[in-house]
> 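Below are the structure tokens for one structure; questions will follow.
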Amino acid sequence: MVQIAKVIVDVPTMQTNNPYSYFVPTQIETDIQVGMRVVVPFGNGNRKIQGFVVALETKAEEKNPLKNIESLMDLEPVLNPELIQLSSWLADTTFAFQITCLLTMLPNVMRAKYTKQLKILDPEVSSESLAKILPEDEWKDFQPDQLTPKQQSELLKLRKKNQIEIIYKVKNQAHSKQVFQIKSQLSEEEEPKIMASLRKNAVKMRNLVHYLAFHQTAIKQVEIEKELKITAATIKNAEERGWLTRKKVEQYRDPYAMNKKLTLPLQLNSEQKVALDQVTKSIKDQQSRTFLLEGVTGSGKTEVYLQTIAYALAQNKTAIMLVPEIALTPQMVSRVKGRFGKQVAVLHSGLSDGEKYDEWRRIKRHEAQVVVGARSAIFAPIENVGVIIIDEEHETSYKQDDTPRYHARNVAQWRSEYHNCPLVLGSATPSLESRARSERNVYQLLRLPDRINGHPLPKVKIVDMREELQSGANQNFSDPLLAAIKNRLNLKQQSILMLNRRGYSSFIMCRDCGFVLKCPNCDISLTLHMDNHRMKCHYCGHEEPIPKQCPNCHSEKIRYYGTGTEKVEKELQAQFPEARILRMDVDTTRRKGSHERILQKFGQQQADILLGTQMIAKGLDFPNVTLVGVLNADTALELPDFRSSERTFQLLTQVSGRAGRADKLGEVFIQTFNPDHYAIQLAKSQNYENFFRKEMYIRHQEKYPPYYYTLQITAAHKEEKVAAQKMYTVLNELKPSLSPDAIVLGPTPKPIARVKNKYYYQIVIKYKNEPQLHEAVTKILQESQADYRLGIQLSIDSEPQSFM
DNA sequence: AGCACGCCGACT
DNA sequence: GTCGGCGTGCTC
């Protein structure tokens with residue numbers, strides 16, 4: 001009998017994207033388990049690499065000459081069967097390698113580090129150029145990428161002549177934090193005798209002995225050092241005399257150490273109750289249903305989540321709750337921890353690798369039953385899931401934009417089916433995809449139409465910037481907005497001002513009539529290309545020169561539109577020299593924790609005005625804020641993206657919800673050059689349902705999601721010609737597999753055609769039902785592996801969040 | 001990724 | 001004639 005392990009090796013290529021078989025040597029036969037990491041020899045040189053055991057089988061004999069597994073890297077599996085299964089599904093649906101999927105599901109420390117070492121075999125060996133690298137006797141680390149090409153080839157030559165040996169080492173990065181724990185070996189009776197033997201002035205030791213005599217329970221060394229104000233030397237001394245013992249214990253790095261009292265569930269209103277009942281029934285009946293919880297800002301969605309989780313816990317089940325990265329603030333975390341205390345594990349990008357690893361292990365060891373985290377927390381190794389919740393489900397950050405390009409919502413759906421548990425998608429402004437599914441009863445719609453405190457939604461005023469500019473006002477601030485800010489300053493109330501600046505805003509707009517240059521074929525705004533001074537459509541490739549005057553009103557004030565937070569801050573300060581302004585954007589929040597610091601400062605009313613980009617729109621709740629101003633609502637609106645109206649509506653609705661959350665009535669000013677645009681008009685009335693109908697109609701007309709699926713294929717190369725050619729070949733290969741109903745856009749260059757000296761070309765396929773597409777694309781990906789060597793990178797994105 | 005094999009140009 | 005360039009195939 002032989003035991004064979006199927007191993008996914010850590011070589012991210014298409015050709016190695018399947019399990020490799022290895023013999024399990026007898027020494028590890030009883031220890032090896034599916035889901036463990038192993039070190040295996042791979043390739044001609046038998047270099048050592050990391051792999052994941054995805055299956056084990058026992059056979060009578062094996063004809064193929066297999067290699068042996070070198071060693072185990074884990075004492076227990078790091079992957080359970082569910083996650084292994086999930087990884088192959090993920091690899092298949094996102095067109096990624098399975099190894100890449102496995103590594104994304106696990107904490108970073110599971111990724112092996114490889115080191116190379118060399119040793120001299122022939123003492124006669126001599127080399128001038130390598131003198132510094134060659135070791136004297138033992139193995140010595142070296143890094144090939146730090147050697148000159150000459151040295152590299154010389155090294156290889158020496159190895160061929162068997163004068164040196166090179167080995168590869170797999171280093172495990174997963175280390176738990178170890179601390180010393182001490183335990184008293186003294187009894188109360190012994191104390192006087194020992195005290196007598198100590199000098200009078202040995203104060204520290206006397207304190208320690210006294211403590212030990214009366215405290216028999218084990219305690220961490222750092223804690224006792226702090227308590228008795230003693231040093232490690234004293235403890236070591238006591239250990240040598242046998243008064244205490246020390247041992248190393250594992251300690252979790254607890255990033256959110258909290259010892260608050262637990263909060264109690266709040267009283268629910270009738271709609272909340274209905275929603276809660278529906279979901280809990282599904283938990284009880286073990287149904288994998290998806291609910292869409294559509295609730296206006298302030299309608300108490302979070303309380304429904306918390307009570308849903310409480311129900312799952314009461315059923316001895318666990319829960320996952322996803323929150324967008326930027327909303328995962330300490331306030332948010334403490335709200336959940338306040339209800340469930342130590343049962344909560346938090347996973348998000350702000351944690352160090354070690355902290356993430358510890359939280360991950362707490363989940364794996366069933367010490368945490370509730371996982372709260374950003375996108376990747378959907379892969380938490382939690383078992384027996386009772387409910388999965390995705391808050392702000394419309395957020396684009398739930399889609400990962402590099403491989404594996406997964407959407408957390410889809411992974412959640414998969415896991416909900418696996419665990420037969422409900423999935424709750426919550427939002428004030430659901431994505432059109434989700435809302436459309438609830439229309440067809442694929443998802444069950446639950447509504448929370450009222451704010452829990454009964455307060456009306458803030459009054460939204462739209463300011464027509466075309467008029468404002470005509471009356472010669474300031475570029476960024478209209479008179480009504482300035483007056484409102486002044487008023488709040490006098491009243492000592494706070495204001496939030498949002499500058500909507502999504503990346504670069506390279507479109508052209510007329511400052512007199514608000515006209516934006518659009519593509520004649522696609523009804524999408526054209527993008528300004530400064531490299532060749534032309535306007536381009538990124539959907540169909542249409543091109544035209546930059547207009548000198550507005551085609552609509554013939555004004556010459558048609559120009560590039562865009563502005564920065566820093567400039568606005570200066571202007572604002574000049575207008576209100578006495579105002580205390582806080583600026584929050586990528587520049588001021590780059591450093592870790594600065595995000596929280598700014599918000600905290602604002603929350604403590606150390607500033608009058610918070611000026612920032614989109615990041616201030618999410619989930620903040622400051623009771624003293626009664627004014628919200630959106631300086632330029634159009635920037636997002638006119639991006640060349642079919643979702644731009646949806647994004648604008650969502651953003652404006654969300655930011656409006658920031659005003660007047662407590663007992664003071666809020667006011668919102670939206671400055672725009674397109675006051676009549678439906679996304680802005682409907683955001684004014686906060687009418688999601690009307691927006692949904694209108695936008696669905698447009699998507700239907702334009703053949704975009706949710707009526708059509710989309711798939712984006714991109715080629716990148718340092719020469720524009722090569723990237724373009726590749727896309728044409730791909731398209732030709734794909735065509736036979738496509739039905740006549742499929743719509744292909746492109747190939748076209750990407751909006752920023754050159755990034756890091758590489759040119760990007762893409763095609764977008766819009767389709768409804770293409771049974772052969774998946775297979776055809778997989779095949780293209782496999783064949784393109786050969787091109788990878790030539791520097792052509794092909795990437796495939798199913799349901800891209802943006803075509804840019 | 002990394003190593004071997006194999007087929008063409010400039011050297012002893 | 002050979003050393004070495006890197007295009008191509010393969011890794012249990």
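Below, read A as the first sequence line, B as the second, and so on, with proteins coming before strands; counting in each chain starts at 1. Side chains included, hydrogens not; waters and symmetry mates left out as well; all remaining heavy atoms used.
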> Using atom CZ of A/Arg47 as one end and atom P of B/dC3 as the other, report the distance to the nearest whole Å.
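Nearest whole value for this atom pair: 7 Å.
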> Can you check whether A/Lys157 has a side-chain N or O nearer than 4.0 Å to OP1 or OP2 of C/dG4?
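For A/Lys157, the contact criterion (side-chain N or O under 4.0 Å from OP1 or OP2 of C/dG4) is met.
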> Could you tell me the separation between the NZ atom of A/Lys6 and the P atom of C/dC12, rounded to a whole number of Å?
13 Å
> Can you measure A/Lys169 atom NZ to B/dG2 atom P for me and round it to whole angstrom units?
18 Å
> Give a yes or no on this: more than 12 heavy atoms of other residues, nucleotides or ligands lie within 6.0 Å of atom CZ of A/Phe23.
yes
> Mark yes or no for whether A/Asn46, through its side chain, and A/Pro41, through its backbone, hold a donor-acceptor pair below 3.5 Å.
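Judged by distance alone, no pair lies under 3.5 Å.
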> Could you give the CD-to-P distance, from A/Gln785 to B/dA1, as a whole number of Å?
9 Å
> Toward the 5' end of DNA chain B, which comes first, A/Asn44 or A/Tyr788, by nearest nucleotide?
A/Tyr788
> For A/Tyr168 and C/dT11, give me the distance from atom OH to atom C1', rounded to whole Å.
14 Å
> Could you give the CG-to-C1' distance, from A/Leu790 to C/dT8, as a whole number of Å?
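Those two atoms, CG and C1', are 11 Å apart.
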> Using atom CG of A/Asn64 as one end and atom C1' of C/dT11 as the other, report the distance to the nearest whole Å.
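To the nearest whole Å, that distance equals 14 Å.
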> Which whole-number value in Å describes the distance from A/Met14 CE to C/dC10 C1'?
16 Å
> Ignoring hydrogens and angles, are the base of B/dG2 and the side chain of A/Arg789 linked by a donor-acceptor pair under 3.5 Å?
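Side chain to base: pair present.
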> Closest to the A/Arg159 side chain: B/dA1, C/dG4, B/dC3?
B/dC3
> Think A/Lys67 has a side-chain N or O under 4.0 angstrom from the OP1 or OP2 of C/dT11?
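No, no such contact exists.
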> Contact class for A/Tyr22 vs. all strands (heavy atom < 4.0 Å): base, sugar-phosphate, or nothing?
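Sugar-phosphate contact only.
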> Verify the distance criterion only: is there a donor paired with an acceptor across the side chains of A/Asp10 and A/Tyr114 at less than 3.5 Å?
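Yes, because at least one side-chain N or O of A/Asp10 sits under 3.5 Å from a partner of the opposite role on A/Tyr114.
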> The side chain of A/Phe42 is closest to which nucleotide in this list: C/dG4, C/dT11, B/dC3?
C/dT11
> Which nucleotide, C/dT11, B/dC3, B/dG2, lies nearest any side-chain atom of A/Tyr20?
C/dT11
> Applying ring pair (Phe, Tyr, Trp, His ring centres under 6.0 Å) to A/Tyr20 and A/Phe42, what does each step give before you reach the verdict?
CA-CA 10 Å; A/Tyr20 281 70; A/Phe42 196 72; 5.2 Å; yes
> Under 3.5 Å, side chain of A/Glu719 to main-chain N/O of A/Lys721, donor-acceptor pair present?
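No.
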